[in-house]
Structures are given as C-alpha cells and as structure tokens.
Undergrad: 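First, the structure itself, so that you have it in front of you.
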Amino acid sequence: MNRTDIAIDIDRVVNRYDSVTALHDVSMDIREGEFFTLLGPSGCGKTTLLRCIAGFEDVTEGAIRLRGEDIAPLPPHKRPVNTVFQQYALFPHMTVLENVCFGLRRRGWTEMDAEGRAREVLDLVRLGDFAKRRPTQLSGGQQQRVALARSLAPNPEVLLLDEPLSALDLKLRQAVRVELKQIQRETGIAFVFVTHDQEEALTMSDRIAVMSEGYVQQIGTPRDIYEAPQNRFVADFIGETNLLDVEVSAVSGGMPDLTLPGGMALRCPAADSARAGRGHLSVRPERISVAAAAEDTLPATVVDHVYLGTDIHLHAKLSDGEPILVRIQNAESSAIPATGSMLGLRIEAGAARLLVD
Amino acid sequence: MAGAAPGGASRSEIYRGNGPRLMLPIWVFIGIFLVMPVVMMAVHSFLTKEFRGGVIWEFTFAAYDQFFFDRGLFGDEPPKIEWTYIGIFWRSIWQAGLATVFSLLIGFPTAWFIATRKPNVRPGWLFLITIPYWVNLLIRTVSMKFLIRDTGPLNEFLLWSGVISEPLSLVNTNFAVQLGLFYSYLPFMVLPVYAAVERYDFSLSEAAADLYSDNWTTLRLVILPVVKPGIVAGCILVFVPSLGAFLAPDLLGGAKTFMIGSLIEEQFKGAAGNWPFGAAAAMILLAIVLGVLLLHAHAQTRVER
Ligand SMILES: Nc1ncnc2c1ncn2[C@@H]1O[C@H](COP(=O)(O)OP(=O)(O)O)[C@@H](O)[C@H]1O
Ligand SMILES: [Mg+2]
C-alpha cells in the first residue's frame, strides 16, 4: 500500500446524495505523471468522483489519499489539486492574465512573480497574445485553453479535467486531444480526465477506469480495456463487439471450452472469474474472417452489407437467428457476399473472449 | 455585422425602421409629465416670491441667493455663506447614505438567501418581501411610530422582559428616521440584488475555491464584482428616494432631523411657503441626483472598456 509512485489513492469510496448512491465502493490508484481517464456513460458518477477529489462533494464512506495523506479534512481551497471545469467557469470580470494569476496570488506569489509564471503558462497553451483580453472576447477553444492555463499555473499535484473537450466541435476536439496529451507529458502532472467518449479515452490515456452506474467496471491500459474486457458492459461500451450466447462445458488453466450456437467448439481466453455454465462470448467484428461453409466454421446467412470505404460491414444471422456483425477489409480481391448466401465464419482462438456478466 | 437576408429587409431593419413611430407615445408622455414639470420647476426657481404662496413673474436669483448666502453676492459687504440649508442637505445626504448602507447590509444577505433557495420556492419568498408594500407608505410609517413610541409594543416588551428599566425614547431621533427610510426602501435593494445573484454562476465560486481562495476572498474578489451591477442599481434605488423622502423624517424624526424633502414640502404648504425657494431647493436636489447617476454611468463605461 505504500508505493511512492501513487499520486491519488481512492479507497472504497461511497458517495450518496439524499436517496441516490452516485458512487459504490469505488477504488483506484492514480499514479504520478500518468494520464488517467474516467470513462463511462452520462450519469455514471464521473463528475461526482472528480468533485470528491476536489472537495466539492463529501465522501460518505471510504477515503481519498493524496500522496498517502487523507484529504477528507481539507476544504477545497486547501487541496493542492486544480480543476478544469466542464463549462470552464472563467472569471468574467478579469482579463485572461488576471484569471491565470488568480490561483498564484492566493498562494502568496507576488504580483510580479505571478505575472511571469502566468505568461509562461499562457505561452505553453499558445495564448501569449491574448493576456489582456476578457474571456467573453475569446472563442470556445481559446476559453478552454485559458481554463487549462489557469489550473496549471499553480503547478497542482494532480489536475482534474471534467469533459474539457465536450463543448468544442469535432475538428477542434481532435486537435486539442493531441495538444492536451503533449502538455500533460511536458508538465509531468498527473491528469484525471473525465469523458464519455471512448475514442477520446483510447487515444489519450495511459490508463482508463471504465465506470457504469456508480461502479468501477474495469481499470487498465487502453489495450487491456479494448482487447481483454472483463465483462459485457465494458466489451459493449468500448468499440463494437458481438456478444454471443455460449455454453461453457469446463474451464481449465484459465481457458474455457465452450460451444457456439451452431455447435462449433472453441477454446479461448476468458475473464478471470469465468466458470462453467452459460456465458457470453465477445468477438470483435474485425477479428472474424469469412470462408466457404465448412465443418470447422460457424454457419451464417448474409442479411445485408454496409459499405464503409476502407471496410465493409456484413450483417449476418447465425443458425439460431442471432445477429452477428463482421467487418471485412475492402481489398481488391474481396468480393462482397450476396444477401441470402451462406457463409462459414472463422473465429481465431485468440480473437474471442468469454465474459462474465 | 452580417445577417441581413439578401433581397429584403432583415427583421432587425424592419424593427429599426418602425422605431421612431413606436417611440412616439412614450416621447409624448415623457414630454408632458416629466420634462414639463422640471421646466416649470426651473422657471419658478428664478421668479419672485408672492406672499401667501404663488409667484410674481419677475426674474431674480433671490431663491438661490437665499439658499447659499446669508449676505448675498450683490450687496456692499463681502458675501457670507448661509449654512442652514447646506447643512440640511448635508444631513440628508448623510442620512440617505446611511440608509443605503443599512439596506445593503440587510438586503444583500436576504437577496442571497432567496436566490439560493430551490427555484420553485423563490417566488414565494419574493412575494413575502412585497407584502408590507401593499399598505400605503403613510400608514406604514405611522404604524412604525406607534410601534417604537415610549408606550409602544417595542418598549413595553423590553420593559417586561427586563432588558431596560425605563422606556427608550426612539421617536424623534436619527435612529427612527433611519428605521423609517430603511423600512420604506429595503425591497428596492433586495430585488435588483436578487436578480443579479440569481444569474450568478455558482461554478465561479467553486473555481475560486479550487484556486485556493477562502470564502471571504471569494466574496470579495469574485462574487461582489460579478453581482456589482445589481448592488449599484439597488444603492441608487434606495439612495435617491431616501434623499428626497419627507414622510419618514417628518413623522419619525420631528424637527431635529429635518431633511430636504420636508424643507421642500414646507415651501409649497400654506401661507408660510415660498415657491421660488422650494423650486430652487428641488433643482439643487435634482442636480445632486443627476451628479450621482452620471458618476455611476461614467464608472460603468470604464468597466465596459
Ligand atoms: N446534486 C445532486 N443531487 C442528487 N443526485 C445527483 C446530484 N448530482 C448528481 N446526482 C446523481 O448522481 C449520479 C452521478 O452523476 P454525475 O457524477 O454527474 O455523472 P456523470 O458526470 O458521470 O455524468 C447521477 O445518477 C445523478 O443523477
Ligand atoms: Mg459529468
């Protein structure tokens, strides 16, 4: 428990509003200098957890430790963490420079030192020329960068960002992703980044915590989360997947033996807690290959196809009527199977994964 | 700015084109009921006094001379300033300023309280604030006098509870006048401040706290500057009518706390009156009020820039 590279230790945190429990027994470690993302659909408790760390929300049970020290007794203004608010919350009566100086001045910096530091951070977010403007005279993207500069200036131990990109349009959002990641690397400050956008989470994060309805579903690297989802929710929420009902006959050496709907047998990796009985098999559409119908393939009927340019989506039906999605690459050689034709689908052993619910 | 629909007048152009015509009724109204009385007042202040009220149409500076000078500018001896009326004005400004400060001290927390309730109960609270104002100001002021006089409920309660052993004489004091002014104009402070606080984005307070600012610093550096327009509006709405008030000073203050309003009122009442002098005093009051408003407008444009 005494690892020195842990910036924030969230230990079995429960948060309750009057009757709603927003966080159930949430635990996670955020390491020094990492880009950590809280990912989940709207209403799953991401903002609540961030507000618990910042001190705007009380922790009903459990503890949050910053570098090993319980921060429960500290009011928000005594916590050495800063927040980039979802709607930025820039002070409208102050210039950009005054906004960025605000936190520094409260921490006792002289006006001159604060201004020097503020200009440094404004340069970092490429807003050096906008110091004397007021927030209302800036575009959404510029306001977002002022908010970032304002919370970076006091050099917080951890920076909390609540869906900072959600108010930007798509083009800008993609550019800012790269920039934000770069700033995080340059400053070396641990970022706790909240988003409901899985693509954002996958491209930016060192590690992701997937949340749903106040529970942590899985914590891991983008690759872990995408390729080895622990349960149906994670598999379904991150990217596209096929979830097939399967019969598990036995689990040996962490690998279950299972039977697919058409009677095909398969042995594949599984979530840690998998055991015999009924289960769900997650297969990514791009990890299924199409062959002629044969003994060792999964028989399916083509229902429709969608042309995507680089890829083609085949919507097919298994023998028991279950729909299945297959993504095939649009190469010169690949003919598009006609609607109604029979196919054999091949699932490589390493491409499927048995989930627990 | 772009936005005009091609090949036709845009919506805003249509409105702008009709503007002058739509404004006509209000210009007529303002002309008759606002400009005319002020012009009449200005004219009267330069006329000669007629005994038993009224004026003689003879131009003179006598009224202003009487207001400012004991021995006038136009005599043989050096002029000597008359302090009586300047003193009354000064005291009025002081009283009105004090009433404004009290209204702010009580009104701001009240407005804050209402604006931070759940949206569905706010109208109820605002409604409660306005209830006393359904009763005529004169009657409210008289009842205030009954409430605080030597044998009134306030003194009787204090005597009964043993806090005091002799009745406090509150009537005819500055305190009573303050109480009257404060009571008369408090809603004029509460309502504009409420409107400003209601629009205040509380995430600004969270941002301030997040940036190491304690509650008092947040109030001073973020909340007050952001809701300032509402506070200034409230202060003007309390200060201006307090300055010219005559009911509260008259009924609650007596002779000792004579204020501008009473001075002017007296000039137009009965045989002792002096219309030109009353008009001159009113013009001077108007000048002070305009001065305050211009100062505010000036400060406002400086902030905008
Ligand atoms: N002030 C509040 N009072 C009651 N319930 C709230 C309040 N704020 C949030 N909640 C509830 O807490 C849960 C988590 O909300 P939130 O943390 O804002 O989710 P997210 O940021 O992931 O969208 C939701 O079910 C929401 O309805
Ligand atoms: Mg949220």
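Lettering follows sequence order; numbering is per chain, from 1.
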Undergrad: State, with a plain yes or no, whether a side-chain heavy atom of B:D214 is found less than 4.5 Å away from one of A:P75.
TA: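 A side-chain contact under 4.5 Å is absent here.
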
Undergrad: Can you name the nearest heavy-atom pair linking B:Y212 to A:R79, along with the distance?
TA: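 It is CE2-O, 3.4 Å.
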
Undergrad: Could you state the interatomic distance from CZ (A:F91) to CG (B:L211), rounded to the nearest 0.5 Å?
TA: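 That separation rounds to 5.5 Å.
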
Undergrad: Under a 4.5 Å heavy-atom cut-off, does chain A meet the side chain of B:T217, its backbone, both or neither?
TA: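 Contact with chain A involves the side chain of B:T217 alone.
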
Undergrad: For the side chain of A:H93 and the backbone of B:L221, is there at least one donor-acceptor N/O pair under 3.5 Å apart?
TA: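 Confirmed, A:H93 side chain pairs with B:L221 backbone.
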
Undergrad: Would you please name every residue forming a salt bridge (charged side-chain N to carboxylate O under 4.0 Å, His left out) with A:E34, sequence neighbours left out?
TA: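 Testing A:E34 for salt bridge (charged side-chain N to carboxylate O under 4.0 Å, His left out), a comparison that skips the adjacent residues, returns A:R207.
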
Undergrad: Where is the tightest heavy-atom contact between A:F102 and B:S213, given as atom of each residue plus distance?
TA: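 Looking at all heavy atoms of both residues, the shortest contact is CE2-CB, 3.8 Å.
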
Undergrad: Could you tell me which residues in residues 37-51 of chain A have at least one non-hydrogen atom under 4.5 Å from a non-hydrogen atom of chain B, sorted by residue number?
TA: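 From residues 37-51 of chain A, the residues near chain B are A:R51.
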
Undergrad: Tell me the residues of residues 106-121 of chain A whose non-hydrogen atoms fall below 4.5 Å from those of chain B, in number order.
TA: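 Residues of residues 106-121 of chain A touching chain B at under 4.5 Å: A:R106, A:R107.
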
Undergrad: Please identify, among B:A208, B:S203, B:P225, the residue contributing the most non-hydrogen atom pairs under 4.5 Å to chain A.
TA: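 Of B:A208, B:S203, B:P225, B:A208 has the most heavy-atom pairs under 4.5 Å with chain A.
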
Undergrad: What side-chain donor-acceptor pairs closer than 3.5 Å can you find for residues 145-160 of chain A, not counting sequence neighbours?
TA:
| from | atom 1 | to | atom 2 | distance (Å) |
| --- | --- | --- | --- | --- |
| A:R145 | NH1 | A:V125 | O | 3.0 |
| A:R150 | NH1 | A:A89 | O | 3.0 |
| A:R150 | NH1 | A:N99 | OD1 | 3.4 |
| A:R150 | NH2 | A:Y88 | O | 3.1 |
| A:R150 | NH2 | A:A89 | O | 3.0 |
| A:S151 | OG | A:A147 | O | 2.9 |
| A:S151 | OG | A:L148 | O | 3.2 |
| A:E157 | OE1 | A:R67 | NH1 | 3.1 |

Undergrad: State, yes or no, whether a side-chain contact exists between B:D210 and A:F56 at a heavy-atom distance under 4.5 Å.
TA: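 Yes, their side chains come closer than 4.5 Å.
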
